Amino acid sequence: MDSYKHSVSLDVEKCKGCTTCLRHCPTEAIRIRDGHAVINPDRCIDCGECIRVCPNKAKKASYQKFDSIRDYKWKIALPAPTLYGQFDNLDDIDYILQGLLDMGFDDVYEVSRAAELVSAYTRRYLKREDVKKPVISSACPVIIRLISLRFPSLCDKVLPILPPMEIAAMLAREKAHEEHPELRDEDICVCFISPCPAKVSYVNNGFAGRKSYVDAVISISDVYFALLGVMDKRKEPPPVSQSGMIGIGWASTGGESSAIFNDKYLAADGIENVIHVLDQIEDGNIPELEFIELNACNGGCVGGAMAVENPYIAKARLQTLRRYLPVSRNWLYNNGDESDSWIPDAYFFEELPTYQPFAQLSGSRSESFKMMADIQKIMERLPDIDCGSCGAPSCHAFAEDVVHGEAKETDCVIRMREQIRQILAQQKGGGQDDGK
Amino acid sequence: MSEALHFHFNVDGENFTSAGEASVQVKKKLRQLGMPPETIRCVSIAMYEGEINMVIHAGGGNADVYVNEDEIVIVLEDHGPGIPNVELAMQEGYSTAPETIRSLGFGAGMGLPNMKRYTDDMKIDTVIGTGTTITMKVYVK
């Protein structure tokens, strides 16, 4: 199995080796080694928690800079709807779209347009009889990776329709070829403007048997500052936005669900909540639902680690922007026959996520049993206070590291202190019978 | 074959929100041991239902899980009121859960039937006024 390429990097100069990220990592992927945080790529799900919580700003999302794509002949910006919620006193999305052209892009294709198509196809998909319910949204790449690492029995419940970013990239490239037949494929750069590092990883790794249609990912925060310099509110921008309420709504939790036009849904956000919900689904302990929308970030995509504004403020602004928009500007037309359930092949995943048993202690089951027994023995000797001083997030994770040969039991400061006390007591005692 | 691994959990009877925690813990252990996904799911559902039952009817109890390479044994022991009529309790939809608990969405009368459905063997030892011990087995496929 090739190691997954992640998009969180560490500034070694800034990292003090404190235990903040260690404690917040939902998959126990981080250890402190030689005074710095180290991420285990097999366990990381790109949720961005460590970037958000680092008090020293040592964790960074890696993404491309606009300058690195400047030389392409035809650069297409794919703004995530979250971008629209970053600006104060903005009453028209077209200012932003014009701003993207002014900062150097040659065309813009809104991801929210594709989101409306995905919503329309999701409604069709949910009507199919052979579909296993509840269907779990596939839009947040963190959730997909989390399911494949931790919830093997839910892999086949994932919505097999590509996320809006992918569909937008596909359509944007088609549009470029149609309008500019002189362009060669390598002249075009489809660039997603992302709220989160997880999308960077998704693009770098490809997904579910497909290579991503996106060529580059840059962060909303970078684009935000570039746009502030070029956006001119004195000039009325040309009306080019083709997004409705549904498309913009995808930026925050509940937006995707409400677009299924059916109240049998659950929408949750925040990685801990999401894990809890997935556990409950696996245990069969949820009401009869058709659709589950899960977002790793608080508030949904507006809470992404590469966004600028607070997620709830961004959400409030999007509400204002949505107010006078039509419900959707990207409908599928129903003919009243079987074509009404048709979904283009190109919109489907090649394959569903598969279980990646990285949690397994060893490749062999009997070896795993032995290791688990050893972990239990070590646990009996550990203080079980999860202080993090050893560099592992919990005593249990530390015991696992010891069994894997990645740590020594003497790395536990509490155990060490005990041993020192014993040695001191022996030295003091020497012949005095310990005073008893 | 090596000795069975033993995991012990205390199921807190006063706390609905923590019910299901043991099930989540066991799931994690079974994943680490490389158990097949289907086995993990069966154990997890059976445990979850059992935990909820102990919280609703018996004020909590103990959950012990013994994991062998070829089978998993779950022992749920409580000191609750006991089950007066096991046959009736095994019927789908039969429930003695009080209205307050049903209003929370529990007590649909599917607990025991589900535990039976998702395990390969289930034994109920119950004594009125003393408590109930349920032993379930799931064979590793």
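Naming: A, B, ... by sequence-line order, numbering from 1 per chain. Here the structure is a predicted model, which is why all the values come from computation and not from measurement.
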Side chain, backbone, both or neither: which part of [X] has a heavy atom under 4.5 Å from chain B?
X        : value
A/Glu400 : side chain
A/Leu149 : backbone
A/Gln376 : side chain

Query raised in the report: NZ of A/Lys264: more than 12 outside heavy atoms within 6.0 angstrom?
Result: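 Check fails, neighbour count at 12 or below.
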Query raised in the report: Counting only heavy atoms not in B/Lys123, do more than 12 fall under 6.0 Å of its NZ?
Result: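 No, not enclosed.
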Query - Best-contacting candidate, B/Glu49, B/Met47, B/Met35, B/Met110, against chain A by heavy atom pairs under 4.5 angstrom - result: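 Sorted descending by pairs with chain A, the first entry is B/Met35.
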Query raised in the report: Hey, are B/Ser23 and A/Asp283 close enough side-chain-wise for a donor-acceptor pair under 3.5 Å?
Result: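 Present: a donor and an acceptor within the cut-off.
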Report task. Please look at B/Val140 and chain A and tell me whether the side chain, the backbone, both or neither of the residue comes under 4.5 angstrom of a heavy atom of that chain. Result -> side chain
Query raised in the report: Contact part of B/Lys29 toward chain A, heavy-atom cut-off under 4.5 Å: side chain, backbone, both or neither?
Result: both
**Report entry** Pairwise side-chain contact, B/His79 with B/Thr130, heavy-atom cut-off 4.5 Å (strictly under)
**Finding:**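 B/His79 does not reach B/Thr130 side chain to side chain.
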Query raised in the report: Are A/Asp401 and A/Arg33 ion-paired here, with the side-chain N under 4.0 Å from a carboxylate O?
Result: yes
